[in-house]
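Since the structure comes first, as structure tokens, the remarks are kept for the end.
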Amino acid sequence: MNVDVKIQMLNFFFEVFNFIFLVLGVSVCGIGLWILFDGGSLLNVHASVCADELRIVGAGLILIGLVVFAVSIIGIVGATKEIRCLLLVYMGLLIALVLGQLFVALLLLINRDTIEQSLDQTVDRIIFWYGGHNRTDTLMDRIQRYEGCCGRMGPSDWLLNSFLLNLTNQDLLPCSCFNSSRPAINSPWCSERQNLTGPVYGVGGGSFEQGCKQKLVDWLQENLLTVVTMDTALMLIQVVQFVFSVYLYRALGSRTAAKVPQPGEQSDLRGQNYAYVDQDNADLY
């Protein structure tokens, strides 16, 4: 195959995979930003209990996403302008990226049980301070309402709420714990007992008996699996990119070497006698 045709084909496939590489990198960066800064996410609330692991993972994902963007630009410039030095830098950065992604993936897998245990502590803390007036309370209500569950292990967990501990009659649950409810204007609490309802508390009917622990564990596992899957896909793309980079680097080197005159060719040129004059042509002068 002609070297120029080979370089064009390698450039095409290189840019296709580089685009996929860039998209995945931006997605990984987005996940990192979500982990660190989404105040309405349980992961963000959870980070206050399991701070070190999740913050390292979130910061690591953001760093990887930014580096992927920079590396992609270097690769595009190196391939388009056919600069072999930039291709070498690109391959070196790919190796560093793979090592960084392995670290993040292993950190998630190794600390999976620790993160799961601290998730229980996070939910217990939300239940204790629940008052229905902040983002964590709204998040807990959303989980209970849409997942059809109540408390972490069951409705009895709400007996440990700081507000209910000060009441003589504790037959109250968040309105989100009921199949159907009619909340009061200024209270997130509902009860099935008619003598407790009215202007102070709302009316609830059919409380959920199942706790939210398994739902939360499943949710956490799905999120961890999503992060690890995207991390693995990014590493596979990087391996493919590295292979294309090596072949492109070698093809550019082969074309450069073909353009350089060989030593034998140079000596032949030097050996030519440019002083020789054809006698037949000399008679014309």
Side-chain angles (χ1 to χ4, degrees), residues 34-58 108 111-224:
W34 173 62
I35 289 175
L36 290 183
F37 300 112
D38 183 10
S41 166
L42 187 61
L43 275 178
N44 188 265
V45 179
H46 183 43
S48 61
V49 177
C50 191
D52 292 338
E53 290 86 352
L54 284 180
R55 285 176 184 168
I56 290 175
V57 169
L108 276 174
N111 292 282
R112 182 176 56 185
D113 293 336
T114 303
I115 295 173
E116 185 176 323
Q117 291 172 6
S118 61
L119 180 62
D120 292 342
Q121 300 174 23
T122 301
V123 176
D124 288 341
R125 187 166 59 87
I126 293 174
I127 289 175
F128 179 79
W129 294 109
Y130 178 88
H133 303 300
N134 56 44
R135 287 184 297 182
T136 58
D137 296 344
T138 303
L139 179 63
M140 190 68 193
D141 285 333
R142 191 164 65 241
I143 292 172
Q144 292 185 139
R145 184 174 293 110
Y146 291 110
E147 297 295 338
C149 56
C150 184
R152 181 169 65 85
M153 300 303 295
S156 59
D157 290 340
W158 288 102
L159 295 176
L160 301 176
N161 177 263
S162 58
F163 173 73
L164 296 184
L165 286 173
N166 296 322
L167 297 179
T168 54
N169 194 320
Q170 297 180 325
D171 194 14
L172 291 171
L173 288 172
C175 295
S176 57
C177 278
F178 291 93
N179 235 334
S180 61
S181 62
R182 188 172 67 252
I185 297 176
N186 295 318
S187 175
W189 303 100
C190 288
S191 175
E192 292 180 309
R193 294 178 57 183
Q194 297 298 321
N195 60 335
L196 287 178
T197 60
V200 181
Y201 306 116
V203 179
S207 63
F208 303 122
E209 298 299 325
Q210 181 185 6
C212 298
K213 177 178 173 60
Q214 190 56 49
K215 303 284 187 181
L216 292 172
V217 170
D218 293 341
W219 169 85
L220 180 64
Q221 296 294 345
E222 288 175 4
N223 280 276
L224 293 180

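- Scored by the side-chain contact (heavy atoms from CB on, under 4.5 Å) test, Ser181 finds Cys175, Phe178, Pro183, Cys190 as partners (sequence neighbours excluded).
- How far CG of Asn161 is from CG of Asn166: 9.0 Å, rounded to the nearest 0.5 Å.
- Of all heavy-atom pairs between Cys149 and Ile143, the closest is SG-O, 4.0 Å.
- A donor-acceptor pair under 3.5 Å is formed between the side chain of Ser191 and the backbone N or O of Asp171.
- Scanning both residues, Pro188 and Gly131, for their nearest heavy atoms gives CG-O, 3.3 Å.
- For Gln144, the side-chain contact (heavy atoms from CB on, under 4.5 Å) test picks out Met140, Asp141, Cys150, Trp158, Pro174, Ser176, Cys177, Cys212, with sequence neighbours left out.
- Looking at residues two or more places apart in sequence or on another chain, you find a side-chain contact (heavy atoms from CB on, under 4.5 Å) between Gln210 and Lys215.
- The structure places CD of Gln214 at 11.0 Å from CD of Glu147, a figure rounded to the nearest 0.5 Å.
- In this structure Arg152 satisfies the salt bridge (charged side-chain N to carboxylate O under 4.0 Å, His left out) test together with Asp120, Asp124, sequence neighbours excluded.
- Looking at residues two or more places apart in sequence or on another chain, you find a side-chain contact (heavy atoms from CB on, under 4.5 Å) between Ser162 and Phe128, Trp129.
- In terms of modelled atom types and a separation under 3.5 Å, the side chain of Asn179 and the main chain of Gly205 share no donor-acceptor contact.
- Scanning all heavy atoms of the two residues, the minimum distance from Leu216 to Val123 falls at CD1-CG2, 3.3 Å.
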Set out, in order, the CA-CA distance, both residues' side-chain angles and the distance that settles side-chain contact (heavy atoms from CB on, under 4.5 Å) for Leu164 and Trp189, then state yes or no. CA-CA 10 Å; Leu164 296 184; Trp189 303 100; 3.8 Å; yes
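- For residues 159-168, no residue pair satisfies the salt bridge (Lys or Arg N to Asp or Glu O under 4.0 Å) rule, not counting sequence neighbours.
- Taking CD1 of Ile126 as the reference point, atom CG of Leu139 lies at 6.0 Å (rounded to 0.5 Å).
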